[in-house]
Amino acid sequence: MIMFTSLFYLGIFLSLLGFVLPLLRLENNRKAHRTFSYSLSILSSVSFLAFSALVFLKKGEYLIPVYSNAGLIDFTFYVDQLSAFFIAVISVVSLSSAVYSFGYGEHLSHERRKDYMASLLNLFALSMVLVVASYNTLEFIFFWELLSMSSFLFVLFEYGKPGTRKAGLYYFIMTQLSTMFLLLGFFGIYANTGSFNIQPVTSLQNLTLIFLSLFIGFSIKAGVVPFHKWLPYAHPAAPSNISAMMSGVMLKVAIYGLMRFTLTVLPQERWWGVLILVAGTVSAILGVIYALKEHDIKRLLAYHSIENIGIILIGFGLYLIYSANDLNELAILALAAALFHTLNHALFKSLLFLTAGSVVSATGKHNIEEYGGLIKTMPYTAALFLIGAVSISGLPPFNGFVSELMLFQAFLGSYLIQDPLLKSLVVLCLSGFALTSALAAACFVKAFGITFLAVPRSESARDAKEVGKCMIAGAVIPAVLCIVLGVFSLQIFSLMGYRTDLPDMLVIGIIMSLFYAITYLVLKNTAANKVRAGETWGCGTPLSSRTEYTASGFSQPIVRFFKDIYQTREVNERRFYDKQNTLFKEGAGEIHLMKFFEEKLYDPVARSINYLSIKVSALENWSLDTYVLYAFLAVLATVAYVGWIA
Amino acid sequence: MIDAIPIPGIIQAILVLIMITGALIVTRKDLLSLLSMYRLQSLLLMFLALVLYAESGNYVLLQMAVLTLASKVLLIPYIIRRMQKEINISKDISFHYISPAYSLFITVALIFFSYYSLSKTLNELTDNKLFYLGAVFGISLALMGMMVTFSRKKIVTKTIGYLMMENGALIFSIFITELPFLIEVLIIIDLVILVLLAAILAVGMDSSIEEFQAKLERIKHPARNGGTH
Amino acid sequence: MNPAQVLCIAINAGLILGISPFFMGLVKKTKALCQGRRGPPLMQPYYNLAKLLKKERVYSGNSSVIMKATPYINMAAITAAALFIPVACITTPAYGLGNIILFLYLLALAKFFMALAGLDAGSTFGGMSSSREMSISSIIEPITIVVFAALVYTLHTVNFYDMFSQTTIMQPFFQPELLFISIPLFIVLIVETARVPVDNPETHLELTMVHEGMLLEYSGRDLAFMEFSNSIKQTLFMAVLINTILPWGLSAELTAPAILFSAAAFLVKGAFLAVLMGLFESAQAKVRLFALPSLFALAFFFSILTVCLEVFS
Amino acid sequence: MALIEYALFALAVICLTALTKSHRLMSVLSLIHVLSCFLLIYSVLSTPVFPKYYIDENFMIDYLSVYEILIASTVFLLVVIYRKDYLENLLARGFLNKNNLALVYAAMNSLLLVIILSFSSNNLALLWIFAELTTLFSALMIAVMNSQKNIDAALKYVFISSTVMVFTFIGLVLLFTETEKTLGAGTLNWSALMENAKNLDPHVLITAYAFIFLGFAAKAGIAPFHTALPHAYSKAPSSVSTVLSAVVLNIGLFAILRIYSIMRETGSAAAASNILLFYGMLSIVIGSLSMLHQKNTRKLIAFSSVENSGLMLIGIGISTPAALFWVLLHTLAYSLTKASLFLSTGILHNQYLSNKVENIKAALQVQPFASAALIIGTAAIIGIPPFLPFTTKFSILAEIAKYSVFLLIPVLGFILITYAGFAVVLTEAFTRDSEEEKPGDLKKYRAPLGLKAPIVLLLLVILFLGLYTPKELIDLIWNITRTLYR
């Protein structure tokens with residue numbers, strides 16, 4: 001018991017130290033300081049990891065008092081299996097991110113920036129851990145805001161680049177919007193119970209309001225459609241090691257919040273599961289469909305995060321539906337799927353972001369159309385990216401497949417539900433989910449194929465060099481875990497005490513490698529082992545990088561299939577010689593892909609607030625007379641009110 | 001000794017006269033006559049204090065009458081007169097938001113408004129009809145003063161508007177004799193400082209050429225309104 | 001797993017592996033006869049494979065390790081999938097063999113790498129085919145899943161072995177759900193095996209080819225593997241369809257006569273289905289790529305209908 | 001030292017300041033004056049009898065006065081440290097006339113004096129007069145700069161608050177009459193009113209309250225009486241804006257709190273808090289929406305303080321002791337944070353000679369200190385942990401939720417808009433493409449330590465208080481809460 005908590009304290013202490021040290025600039029050898037700070041980050045991740053593993057295995061609940069101040073702030077942390085699980089997820093990703101940063105952090109442009117990177121990385125990781133371990137809502141918001149703030153600074157980190165400011169603003173406003181919804185939910189609970197503690201509540205007024213505001217608040221932060229719009233802006237803008245953490249675990253913090261409050265705090269209602277399932281399905285489908293259209297590698301990955309968050313929500317929604325229908329075994333399967341997918345997504349998404357970061361820093365380009373052939377110059381990065389791509393596409397025997405398999409199993413068990421309408425809804429969501437996973441595979445064929453295969457499409461891709469050891473090592477950690485968690489999934493589950501009749505991926509893996517080995521070995525020594533190098537068949541024309549298939553070409557059929565979802569807008573401009581518009585001079589026609597949510601949801605809201613704001617700002621017109629008039633009217637109104645009530 | 005004099009009638013008459021001066025201040029354009037109206041109003045206020053003193057025999061009222069005479073009839077108008085000379089303009093022609101004719105209608109509306117809004121409160125507070133009248137007229141006068149402040153262009157007029165508000169408030173306090181004299185004195189000091197400050201500032205502002213330039217600049221850069229020290 | 005189970009699975013897989021090229025040849029022969037040609041001999045696919053295994057391989061200078069590894073990965077995944085479908089004898093295997101989702105995803109793994117290999121050489125044909133392949137497979141995926149879900153809803157299990165041991169006992173012809181399921185299942189079969197009207201396995205024309213385009217750069221032994229694995233995949237889907245509507249003959253006991261009988265029964269049923277496929281293909285014209293969604297929508301409609309049948313009854 | 005001695009001492013200081021010509025001496029005298037305020041608090045607190053009355057109970061120092069004087073003195077202390085170097089710079093650039101220097105110092109000292117007197121007034125009429133006087137001295141300090149726009153701003157400041165404050169006088173008269181009628185002898189002493197609040201007629205009281213509220217609302221920067229503030233803050237020298245927003249605004253809230261605590265005892269409490277809630281909400285709406293299109297950093301902060309006053313008004317209006325506790329702590333947090341913001345903009349102003357966003361170029365390279373201070377201060381003011389405003393804002397909002405969740409929804413919505421406003425302006429100011437806009441020809445202004453130290457100090461204090469609030473402070477505020485909300 002003592003050892004447990006001391007690990008937790010140690011983690012906090014190391015992170016804080018790592019946060020403060022680079023800021024102080026104690027000596028001239030700043031690089032040593034940064035290295036030290038990253039090492040502290042690694043150490044603290046390790047200690048958090050050990051701590052959460054112990055808690056998880058002992059299945060206990062622990063209250064850890066850290067600091068409290070005269071009843072204003074009470075930093076008491078609460079760790080049970082759920083939070084321990086999330087702490088472990090966060091720690092693994094921060095660990096690999098920190099290792100990666102040894103190399104990546106030194107590529108940044110200014111000395112000061114490098115310092116901030118090392119410092120903020122610690123704060124960022126720590127605040128995530130502490131949000132997850134929060135015991136009261138004040139604490140939750142405290143670290144939640146620290147998290148938002150540190151990630152906001154990271155989004156603005158390279159503020160000189162075009163688009164970064166927009167990304168930063170988008171991100172800031174959306175995260176604060178989510179905080180506002182959370183506050184509404186938290187205070188709704190507080191108004192009922194009078195306590196900030198995150199504890200089970202039995203009866204609540206305004207339960208629907210509270211649940212909806214919490215759901216929306218967490219959805220915004222998790223990037224659930226239609227609140228996802230900040231994600232594809234913010235993730236590409238942030239440095240890659242941070243994108244890995246943002247996408248890999250920051251979104252999961254929101255998932256944790258949703259799970260914590262719906263599972264243990266609020267009394268559940270039947271329709272919540274349906275809402276969450278539908279929201280999850282919609283964001284899974286739309287996330288991947290948008291990803292297909294995207295050619296900025298980091299933005300593509302960001303859209304996939306939306307998809308995967310959707311998948312996690314699908315699992316969680318199924319859990320709620322099944323447990324409302326008393327199908328406990330299925331419910332547990334669905335929840336396990338959701339949680340396992342949380343872990344898996346954290347791993348493969350951080351792996352993908354880290355390797356994408358390596359590619360970006362090796363080529364200096366973001367657009368996958370400008371890559372190509374990198375597998376020859378950057379073989380390690382390519383292999384790691386491939387592992388991530390296979391995992392995220394949900395192919396056996398990797399981890400992504402296992403969680404998707406569990407979800408499919410959970411879906412297919414829906415024949416036990418009594419309500420026919422609910423049953424058919426579940427089937428519809430199932431088909432949506434299937435579509436999602438197939439499209440994800442298509443998208444990663446594109447991402448990997450266009451980036452790493454064939455001939456380089458630009459000078460920078462041709463001249464790319466393999467990145468340094470640290471950056472590879474950082475990506476190796478999640479890659480190994482992707483394989484291990486996939487192949488040994490059943491063994492790990494039974495180690496954790498969860499018995500299930502899922503297929504044993506170890507056996508499947510062995511069978512496959514056996515077949516691979518047999519075919520390979522049998523044919524290795526036969527006569528026809530001659531290999532000749534030739535040219536690609538191009539119907540006689542010389543092939544170059546210009547004739548290769550492009551990413552837009554690749555996704556074009558799917559874009560055509562789903563053209564109703566990607567709405568287009570035509571813009572016609574015509575200029576005339578005369579005012580009556582009879583003599584046509586010149587014109588231009590464009591077809592834009594509509595940013596549906598941005599144009600139909602975000603912009604109208606923003607516009608109306610803007611309109612109001614302009615109207616209100618116009619009240620301030622620099623004229624004393626007007627100002628006194630306002631005061632005069634206010635006096636009259638107040639007197640009238642008083643006269644009315646007296 | 002002065003039973004023969006119908007004191008309530010006199011008070012009513014003075015109150016009505018004060019309101020008339022107020023109405024004139026609202027509508028007049030000539031700065032000089034505005035000032036005289038204000039002076040007249042203050043004088044009437046002094047008389048009001050004297051009449052009330054005659055009725056109740058409270059020395060504070062007498063002191064107040066003297067104080068009003070010294071400050072509001074003599075000192076403050078003097079300062080404003082100096083200021084007017086300095087600025088060298090004699091008319092405040094343009095009206096903002098309200099034209100003179102409408103402002104009179106609004107004045108009537110304000111009186112009714114104050115009456116109806118405050119009737120319940122005042123009924124609770126006193127049975128004295130005169131106090132009632134004084135309260136309603138006082139508040140109306142204050143509101144009228146505020147109207148002057150926002151509907152007239154020149155700082156001089158605005159200052160007079162403010163002083164009229166102050167007079168309205170004073171009508172109130174005259175009926176309540178026991179308000180500590182110290183406070184009355186402080187109020188007057190406050191008022192004098194304010195007028196002085198307004199005078200000094202107005203010299204900087206109202207000098208017509210300067211205002212023209214400021215306007216010009218505002219037309220040139222409508223968006224800009226911050227900046228220099 | 002006990003040796004009997006292992007043996008049973010091995011027999012199934014062996015049968016599938018052995019018989020697949022034959023079905024391929026049969027379809028080709030049927031089509032040729034329909035077109036008024038004599039067509040290649042029924043055993044031609046076997047000859048092809050034997051020939052290809054002896055030939056040297058040519059790799060494009062642009063290609064990478066992906067190109068070289070894909071045939072093996074393909075073979076491994078699809079052979080593993082062959083362990084999932086009973087064609088001759090039924091048992092109750094452990095380790096999740098027979099899991100329908102795993103089955104589908106093993107095939108998806110093969111497809112994923114095949115599409116990557118298509119992109120690897122930098123050829124326009126390869127890229128185009130990969131793109132089309134992935135597009136078609138992603139929109140057929142919901143249909144496949146719903147069809148399988150319908151199977152699960154009807155039979156209450158997610159394992160092929162359990163499913164088909166139930167269907168052998170039931171009378172599928174009197175089970176309208178299963179008959180309904182067979183229609184979308186047939187469409188899935190057509191799509192997954194790259195046949196007209198979705199794809200045309202015969203041509204190497206830029207306009208029409210989907211599956212073949214990815215194999216353009218392959219030669220020798222690699223090509224043999226790719227062709228072979230494709231034929232196995234076809235047999236697997238055929239077996240699913242056959243076992244759903246016509247499961248008679250599947251033996252639950254592991255004795256030589258029973259196995260021989262059921263293998264023969266499968267051969268007959270498979271041959272019948274292959275001829276049917278050939279006839280179907282001959283009767284259809286290739287549909288434009290972008291007209292496919294409406295075809296798929298029809299299939300989706302059917303599959304949802306079967307689910308509704310189950311849900312609302 | 002008692003209040004009277006302090007007042008005499010302060011008058012002496014003012015006279016001396018007016019006489020001397022040495023800038024250094026003026027600065028030292030002001031410093032002594034501020035320190036004497038601390039001495040006053042110390043001497044008041046050192047004897048256990050509380051509250052303390054002076055001059056016929058016309059003056060009273062109770063816990064609330066001590067608290068407010070403490071905030072005022074702290075801000076003044078830092079401003080005094082900051083001011084000397086700041087004014088030197090203004091003198092050097094000719095924005096300020098050398099002859100006016102004594103006036104500036106005298107006005108500043110007088111302002112401090114009247115502020116302290118208004119916080120220690122028991123008589124509401126005295127409070128009103130002193131509040132009025134703070135307006136005048138503030139206006140004087142705004143107007144002292146060599147610019148017509150300053151005069152304009154000063155005039156606005158004077159006219160808007162003074163005209164509305166006339167109504168306060170009417171309210172006071174009503175209140176006085178009522179006490180005269182019910183108690184026999186009229187009184188405006190707050191302590192006496194608190195004692196007898198239950199006996200007074202609620203209808204008359206609510207009318208009186210409404211009038212009194214209007215005037216002090218103008219002082220507290222409540223919409224729609226806030227209109228002068230943005231102009232005044234943006235035109236005045238930083239040191240003056242700091243005092244105006246961090247201290248003078250508190251007088252209004254202080255007075256409203258005093259009056260409301262009387263009303264709370266009577267039958268018209270609900271109507272009284274409705275007025276507060278209405279004006280609070282109005283301020284939040286107007287303040288936040290005005291921030292979104294702001295191009296001037298100081299006006300931005302001004303509107304933020306309007307919004308914030310609104311929030312505090314709502315906090316008072318919901319009328320629970322817990323809410324009051326947090327509002328009071330928030331007053332401290334907010335005053336200090338706002339002070340740091342205004343002081344930081346002062347340094348930026350010295351560099352760019354403008355408060356407008358469009359003129360701030362490559363600030364992160366040219367003025368890293370001021371930029372960082374402004375960013376951190378903004379983070380603090382919008383309620384980002386671990387600074388003190390986070391805790392207080394969080395708790396006020398929680399108390400609002402307890403009052404009504406549906407009141408909370410619009411409040412949260414408009415608070416979000418203020419966040420957006422800050423974010424828009426700050427990102428615009430600091431992240432404009434620095435590669436393009438090389439500092440190049442910009443002459444770098446080196447801020448002396450005297451300008452930097454107060455900012456650092458303020459930020460450290462709110463950081464420290466955010467993590468550790470001393471028990472003494474908490475006890476003090478609970479004592480205030482108990483005296484106000486019986």
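Shown here for A:L138 and D:F390, the closest heavy-atom pair between the two residues is O-CZ, 3.9 Å. Nearest approach of D:P386 to A:L146, heavy atoms of both residues: CD-CD2, 4.3 Å. Here the closest heavy-atom approach between residue A:E145 and residue D:G383 is recorded as OE1-O, 4.2 Å. When every heavy atom of A:F172 is checked against every heavy atom of D:A423, the shortest pair comes out as CD2-CB, 3.3 Å. Residues A:I173 and D:L416 come closest through the heavy atom pair O-CD1, 4.0 Å. Among all heavy-atom pairs drawn from D:L214 and A:A634, the shortest one is CD2-O, 4.5 Å.
In this structure, the portion of D:F325 lying under 4.5 Å from any heavy atom of chain A is its side chain and not its backbone. Contact annotation for A:F196: only side-chain heavy atoms (C-beta onward) come within less than 4.5 Å of a heavy atom of chain D. Contacts of A:Y630 with chain D are made by both backbone and side-chain atoms, with heavy-atom separations under 4.5 Å. When heavy atoms are compared at a cutoff of 4.5 Å, D:F303 approaches chain A solely by way of its side chain, counted from C-beta outward. Heavy atoms of D:Y403 lying under 4.5 Å from chain A are absent altogether.
For the 3.5 Å distance criterion, the side chains of A:T638 and D:Y279 qualify, holding a donor opposite an acceptor. With 3.5 Å as the limit, one finds a donor-acceptor pair spanning the side chains of A:Y627 and D:H231.
With chain A as partner, the option from D:E428, D:H203, D:H293 having the largest number of non-hydrogen pairs under 4.5 angstrom is D:H293.
A:Y67 places a side-chain N or O within 3.5 Å of a backbone atom of D:L467 that can act as its donor or acceptor partner.
Under the 6.0 Å cut-off for aromatic ring centres, D:F394 and A:F187 qualify, their centroids lying closer than that.
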